[in-house]
Every structure is written in structure tokens, then in C-alpha cells.
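Below is one structure, written out as C-alpha cells; comments come after it.
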Amino acid sequence: MVMGRILLAAFLLAMPLVPSQAAGDRYALVIGNARYPDADAPLKNPVNDARDVAEELKRGGFTVEVGENLTRDGMRGAIDRFYGKIKPGSVALLFFSGYGVQSARQSYLIPVDAKIWTESDVRRDGFSLEVVLNELNGRGAGVKIALIDASRSNPFERRFRSYSGGLAPVIAPNGSLVAYSAALASVAPEVAGERGRFVQEFLKEMRVPGLSGEETLNRTKIAVTRASRSEQIPWISSTLTDNFAFVPGAGGSRLTATAAVSEAVTSPPSVPAPVPPPGGLLLAPAQAPHSAPAPVAESHAPDRPASATSTPTPSSTPNLPPPAEFGRRVALVIGNSTYNSAAVLPNPSRDATAVAEALQRLGFQSVVLETNLGREKMVDALRTFARQAQSADWAVVYFAGHGMEVGGINYLVPVDANIESDLDMPFAAVPLEQVLNATERARKLRLVILDACRNNPFANKMTRTASVSSRGVVDRGFARIEPDAGTLVVYAAKDGQTASDGDGANSPFTTALLKNLARPGVEVRRLFDNVRDDVRDLTRQRQLPYSYGSLSGREDFYFLR
């Protein structure tokens, strides 16, 4: 046995090293545009941010070209050189900081000499992000990454007769990871200092060795959301199918001959160390950057039981599932708190953030967190998530906010809804059926969790039409549903009942959910039975969660082993 290990060591020493991603097949184009003549003053952050990002990417093995204050010809030349480097299987990364403009539902990156007075000028002088990603894909790039810090209020869009600020959703090819520094059609607030908030948080997260690209950006999103108090919420879209880390390390590190020999000769037989799931990170207590619950905002709603307090989520998860056990698990988490035409709900945005962090700790490869979405953005988020679910084994949607039934149809209420008649519902809210459709392509488990069974905030002013009132308008919670096999839908309160928002940092339902997600070895169906019992105790029997649907009896599902 010893002789065999020595021979193996000698063989490894003689072999040429083949790293998991060899140096030279990771290419990046980094652009910082700050000096726009049409702007009142140069932008403070883009050039410094571009330099910092470029340096970190070089440390991660990227070959980097940096461009500063590029004109249209300069950007065209840089992008063409970038295209020319791409080989089949390459990682291709584009970072752009400067002004971005959306036109005809596409996002354009703007050079410093752009002369833009109309939307047609945007398409003439700007560079379409979709075109760039598709060209990289056509040249064989295996992983396409776009980090776009361009969601700024700019001097160009104000000249249009009508415009939408911020950037548009991108229809990216498979194998892409795209992040905007702010939510769709939103602009990021300016911050003091020489570095932008998005880049500051991104650089902190990308330095973690072995952390997947998706996890890096999800952590960045949560950190930016916290730091800005939800004024800036980055947007992320992923169709990655390959493992990728900005800095190779645990789970994606390059193996050296010395390390291989040491392991082959000296390592005694032992139980293998826990392995992070593909694209995930096994967090140790000291590495849990977001374990503290969000600040508590005191509320005085009369229906909130005193016992519904928050349960802090654990800072680490000791027994993450092995990578192959559940396959790919993805989640979309939405919390709507700040309603334009209804009273603010203090907890949903905090609930959503806590649930997103818990799912990350449980090894989900992708967790997208969204807060305070209008209808259009909710639909965009579901559309993007539906594409993710196509390649997933688990697809989980969590929604906290207002929800209601009209005419036998359940709806989730976006923050911009203004419902004066029951006839407004299909146009102002999002049908639950649309949420279920977004999960339907997941191969094993489709799970929709709704902490949304609150009182109808529009009940007093809604006009009932004869056609709908004959079937009924439910002012209290959701209607019963019968989802397809393989789908489980969990209400925070049984059909026809309402759920409390709570007087702690989280609602009673989410408090119980977080507590039970942290318990190892509890099968999903039993987990939600435990959540039901805990909520019933927390609310003194006034709220009873309920689960609808059926899962295969031939397979058990666990969030945590």
C-alpha cells in the first residue's frame, strides 16, 4: 500500500499540472467612464472602481484590459479586442461603470462622447449589453459574466419625451451571469467617497476563495441592500451551468504537485471533510457575514400577539447536504413592505432578507432577493426565475406581503397596486398561478411559500361588480388551491384566514420557518407541520398555517441533513 502511494506521488510529480481553469482562459474587459461632457460634473467612482476591480481580477487569474473614459471608437476597439481573445470554453467577463440607458427594453453602455438627444441616438452611440453577451457566446465562451455599475440618473434620458430610468432586463444566453448595481428600472443613490457602494461590497465578497460566482453576487446584493437601507438593491440574473469562482479555492482550487504528493503519502484514512455544494460555500461561524437579523422596527398594530418574537437565524450550518444529494436548488425571495396605496407592512422586507440568508447558508446555488417590487418588476423577476428553474432540481419561491382572493383567483399584491374595483385585479396584481408556472420546470421539488394571507387593504374602497361578486370577493386571506403533483404550496394561514405581521423583527410564520429550516434531518413535509405547530403556539391559536399539494411518496426532501 505504501509503495503504491509512493508510485502515485512520483507519477503526479511527473505530470504537467492541469488546473481547473488554466491561467490564460479567463479574460476580462474593465471599463470606467467618468468624464461625460453632457454631465454637470465628472462621476466620482467609475475610474477608481474599474482600477480596483481590474486588480482583483488579475489576482484571480484573469487577463485584463482596462479602459478609462473611452469614446465610442475607443469602446468599439476594446470590445473587438476582447472578442478576439475568446476561445471555446473561456471565461469572459465584462465590467462597466459609467452611464447606462435603456431603450426598447435593452440596456446600452454609453461612451463618453455619445451625442444623445433621442432614443434612436442611444442605439447609434451606445453598446447593447445583449449584443455583447451573444457575441461572446457565439465565439465559444463557456461562462459569460457582465457586471454593470451603470444604474445612474443620467443627463441623456431626461431629454426623451418619456423614459424609464435605470436598466432593462437582459435576455442572456445560457452560461451567463449578469448583475446590475441597482434593481431594474431603478437608479442607485450617489454616495460620498471615491468608491461606489456596489463595487466596495463586491470586492469584499469576491476575495473569498472558492466562493461561486452566483453566491458572490448574492452576498453582494444582500450587503448593498443592508448598507443602503434598501435604497439600492442590485439585480442578478444567472443561467450558469458550469461551476465558476472569481478566486479559485476550496471546491475550485488549483491542485499543486506538492499538495498532491503530501496527500498521497502522508494523509491517513479519515472521514472526508464536508464538501460545499456546487456553487455553494460551507460557512464556518467566523465566515458568516450576514447572520445578524435586520433591525427591529416597532409596530403597534392591534392584532399582533406579544409572543410573536424573532428567532435569530444561526450563523453557520454544520451539516450542509453533499453536492450530489439534491442537485441544483434555486430560490426567488420577495418581500413587499412599502405599499403606495396601503399601509406599510414593517416585516416583509426583513422577513425576505432573513429567509434569503437562511437559504444561502443551506447551500442553495442561487438565491435571488427582491424587495418592494411593482407589478412589472415582479413579472420580470418571475420570468427570469422561470428560466433558472428549467435547469434546477428544486425551485423555491417565498413571498411576504399582501395577498388576496377575488372571484376564486389568488393574487400577490405588488407595491404599486391601486385597486379601486375587483376588475382591476388582473391588471394590478400578480396571479398565484403565474408564480406556480415559474417553478413548473424544476425536476424534483416545486415549493411556494406565502407569508401573504393578510387583511385585504383595499376592501373598504373596492367596488364589487355583479359578475365577480356572484362568486365572492374574499377580504380575508387566500382561497384553497389544488396544485399539480410534485408541487407544495404553503400558506402562512389557512384559506379564508389572515396572518399576523408580528411585533418582532419577523412575522410569526417566518420566525417559525427560520427556526425549523435550521433543524437538520427534518423532511420537508414534517418541517411544515412543525412550522404550523410553532405558529399556532406563537399566536395563541389565532393563526394556523396550511400546506396544499402532494409530493412523491418515493422520495424524501430535506433542506438540511
Show your working on side-chain contact (heavy atoms from CB on, under 4.5 Å) between Ile419 and Val406 and close with a plain yes or no.
CA-CA 11 Å; Ile419 301 168; Val406 172; over 6 Å; no
Applying side-chain contact (heavy atoms from CB on, under 4.5 Å), run through Leu527 and Arg519 and close with a yes or a no.
CA-CA 9 Å; Leu527 184 148; Arg519 290 177 171 171; over 6 Å; no
Should Asn506 and Leu514 be marked as a side-chain contact (heavy atoms from CB on, under 4.5 Å) after you check the CA-CA gap, both sets of side-chain angles, and the distance that decides it?
CA-CA 10 Å; Asn506 300 112; Leu514 295 171; 4.1 Å; yes
Apply the test side-chain contact (heavy atoms from CB on, under 4.5 Å) to residues Val430 and Val413: give CA-CA distance (whole Å), side-chain angles for both, the deciding distance (0.1 Å), then the verdict.
CA-CA 6 Å; Val430 177; Val413 182; over 6 Å; no
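Between the side chain of Ser238 and the backbone N or O of Leu240, at least one donor-acceptor pair lies under 3.5 Å. Under a 3.5 Å cut-off, the side chain of Thr216 and the backbone N or O of Ser212 do form a donor-acceptor pair. Side chain of Arg443 to main chain of Ser391: a donor-acceptor pair is present (N/O by atom type, distance under 3.5 Å, no hydrogens or angles). Judged purely by atom type and a 3.5 angstrom limit, Asn410 uses its side chain to pair as donor or acceptor with the backbone of Ala479. Under the 3.5 Å distance criterion, the side-chain polar atoms of Asp416 are matched with a main-chain donor or acceptor of Arg375. Under the 3.5 Å distance criterion, the side-chain polar atoms of Thr239 are matched with a main-chain donor or acceptor of Pro173. For the pair Ser337 (side chain) and Leu345 (backbone), a donor-acceptor distance under 3.5 Å is present. In this structure, Asp351 contributes its side chain and Thr510 its backbone to no donor-acceptor pair below 3.5 Å. Between the side chain of Tyr339 and the backbone N or O of His402 there is at least one donor-acceptor pair closer than 3.5 Å. A side-chain donor-acceptor contact under 3.5 Å links Gln365 to the backbone of Arg329.
The 12-atom threshold is not exceeded at CZ of Arg441, counting heavy atoms of other residues, nucleotides or ligands nearer than 6.0 Å.
How far CZ of Phe202 is from CG of Leu217: 6.0 Å, rounded to the nearest 0.5 Å. Rounding to the nearest 0.5 Å gives a distance of 6.5 Å between CG of Leu93 and CZ of Phe244. In this structure, OG in Ser181 is found 12.5 Å from CD1 in Ile233, a value given to the nearest 0.5 Å. In this structure, CE on Met206 lies 10.5 Å from CG on Leu211, to the nearest 0.5 angstrom. Distance check: Trp394 CH2 to Phe364 CZ gives 5.5 Å after rounding to the nearest 0.5 Å. Taking CD from Gln390 and CG from Asn174, the interatomic distance works out to 8.0 Å, rounded to the nearest 0.5 Å.
Using a 4.5 Å cut-off on side-chain heavy atoms (C-beta onward), Leu432 and Ile481 make contact. No side-chain heavy atom of Leu147 sits under 4.5 Å from any side-chain heavy atom of Leu94. Using a 4.5 Å cut-off on side-chain heavy atoms (C-beta onward), Leu177 and Val143 make no contact. Looking only at side-chain heavy atoms (C-beta outward), Met378 and Phe399 come within less than 4.5 Å of each other. Side-chain contact check for Tyr180 versus Ser107: some heavy-atom pair is nearer than 4.5 Å. Counting heavy atoms from C-beta on, the side chains of Gln360 and Ile222 come closer than 4.5 Å. Between Phe509 and Gln543, some side-chain heavy-atom pair lies under the 4.5 Å cut-off. Using a 4.5 Å cut-off on side-chain heavy atoms (C-beta onward), Leu450 and Tyr398 make no contact.
For Asp529 and Arg526, the salt-bridge test fails: no basic side-chain N is under 4.0 Å from an acidic carboxylate O. Salt bridge status for Asp393 with Arg328: absent, with no side-chain N to carboxylate O gap under 4.0 Å. Checked for salt-bridge contact, Glu370 and Lys377 miss the test: no charged N lies under 4.0 Å from a carboxylate O. Between Glu201 and Arg226 there is no salt bridge, since no side-chain nitrogen of the basic residue lies less than 4.0 Å from a carboxylate oxygen of the acidic one. Between Glu523 and Arg525 there is a salt bridge, with a side-chain nitrogen of the basic residue lying less than 4.0 Å from a carboxylate oxygen of the acidic one.
Using cut-offs of 30° and 60° on the angle between ring planes, the pair Phe559 and Phe528 is perpendicular. Note: Tyr546 and Tyr548 have tilted aromatic rings, judged against thresholds of 30 and 60 degrees for the angle between ring planes.
Pairing each heavy atom of Pro414 with each of Asn336, the nearest pair is CA-ND2, 3.6 Å. Contact detail for Pro348 and Ala400: the closest heavy-atom pair is CB-O, 3.5 Å. Closest of all the heavy-atom pairs between Ala331 and Phe385 is C-CE1, 3.5 Å.
A donor and an acceptor atom, one from each side chain of Gln106 and Ser128, are located under 3.5 Å apart.
Screening Leu560, Asn530, Val522, Thr511 for a side-chain contact (heavy atoms from CB on, under 4.5 Å) with Asn516, the sole residue that qualifies is Asn530. Arg446 pairs in a side chain to side chain donor-acceptor pair (under 3.5 Å) with only one of the listed residues (Thr439, Asp484, Thr487), which is Thr487.
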